Amino acid sequence: MPPSEEYVESVLSLVEQIPPGRVMSYGAIADWVGRGGPRQVGAVMALYGGGVAWWRVVRADGTLPDSHTGRAREAYLEEGTPMRGALADRPRVDIRRAAWFPDAS
DNA sequence: GGTGTGACGCAGG
DNA sequence: CCCTGCGCCACAC
């Protein structure tokens, strides 16, 4: 069984609010929606994240899933997302500068 | 009930 | 920087 429709909606709608150049971690999203955990958020993104800015959802340490690092780099360059080692083969978002929360614009 | 599995998180070594 | 181990939530077997 896939996650409930409401849960999927609450997660995706939150992801859609993340401004360009900013990111949220799986755990932060889970805390904000108040249901499930980081792994549930990850499951939602894996199944239904294709329609949103999935590259703005990263791990708490700023890294991304290996399969997405390559495709995300171009988006990061365009949006000017703060990164560490932008030119390295393993790009890493500077989570401390790029982290975003709904109430903090 | 028990076990395994994840687009995870965090503390240790 | 690397690798482990354990906690975590929900689900499938």
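Since the model is a prediction, treat every value here as computed from it, not as a measurement. Naming: A, B, ... by sequence-line order, numbering from 1 per chain.
Contact check of residues 58-77 of chain A against DNA chain B (heavy atom, cut-off under 4.0 Å) returns A/Arg59, A/Ala60, A/Pro65, A/His68. Residues from residues 12-23 of chain A that place a heavy atom under 4.0 Å from any atom of DNA chain B: there are none. The stretch residues 38-46 of chain A touches DNA chain B through A/Pro38, A/Arg39, A/Gln40, A/Gly42, A/Met45, A/Ala46, each having a heavy atom under 4.0 angstrom from the strand.
No side-chain heavy atom of A/Val57 sits less than 4.5 Å from a side-chain heavy atom of A/Val23. A heavy-atom distance below 4.5 Å is not found between the side chains of A/Arg59 and A/Ser25. The shortest side-chain heavy-atom distance between A/Met45 and A/Val52 falls under the 4.5 Å cut-off. The shortest side-chain heavy-atom distance between A/Pro91 and A/Tyr76 does not fall under the 4.5 Å cut-off.
Hydrophobic clustering places A/Val33 together with A/Leu47 (ILVMFWY residues linked when any side-chain heavy atoms are closer than 4.5 Å, directly or through intermediates). A/Leu77 and A/Ile95 fall into different hydrophobic clusters, where Ile, Leu, Val, Met, Phe, Trp and Tyr are joined by side-chain heavy atoms under 4.5 Å apart, directly or via other members.
Under 3.5 Å, the side chains of A/Glu79 and A/Trp55 contain a donor-acceptor pair of N or O atoms.
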For this session: Evaluate the side chain to side chain contact (heavy atoms under 4.5 Å, CB included) criterion for residues A/Tyr48 and A/Glu9: first the C-alpha distance (whole Å), next the side-chain angles of each, then the deciding distance (0.1 Å), finally the verdict.
Result: CA-CA 10 Å; A/Tyr48 310 97; A/Glu9 258 310 304; over 6 Å; no
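Separating the C1' atom of B/dA7 from that of C/dC13 is a span of 23 Å, rounded to the nearest Å.
At distances below 3.5 Å, not a single donor-acceptor pair connects side-chain atoms of A/Arg92 with backbone N or O atoms of A/Gly62. Listed for the A/Tyr7 side chain is a donor-acceptor partner under 3.5 Å among the backbone atoms of A/Arg35.
First and last contacts of DNA chain B with chain A, using any nucleotide atom under 4.0 Å from a protein heavy atom and ordered 5' to 3', fall at B/dG6 to B/dC10.
Every residue meeting the salt bridge (Lys or Arg N to Asp or Glu O under 4.0 Å) condition with A/Arg90, not counting sequence neighbours, appears here in chain and number order: A/Asp66. With sequence neighbours excluded, the residues that form a side chain to side chain donor-acceptor pair (under 3.5 Å) with A/Arg97 are A/Asp94.
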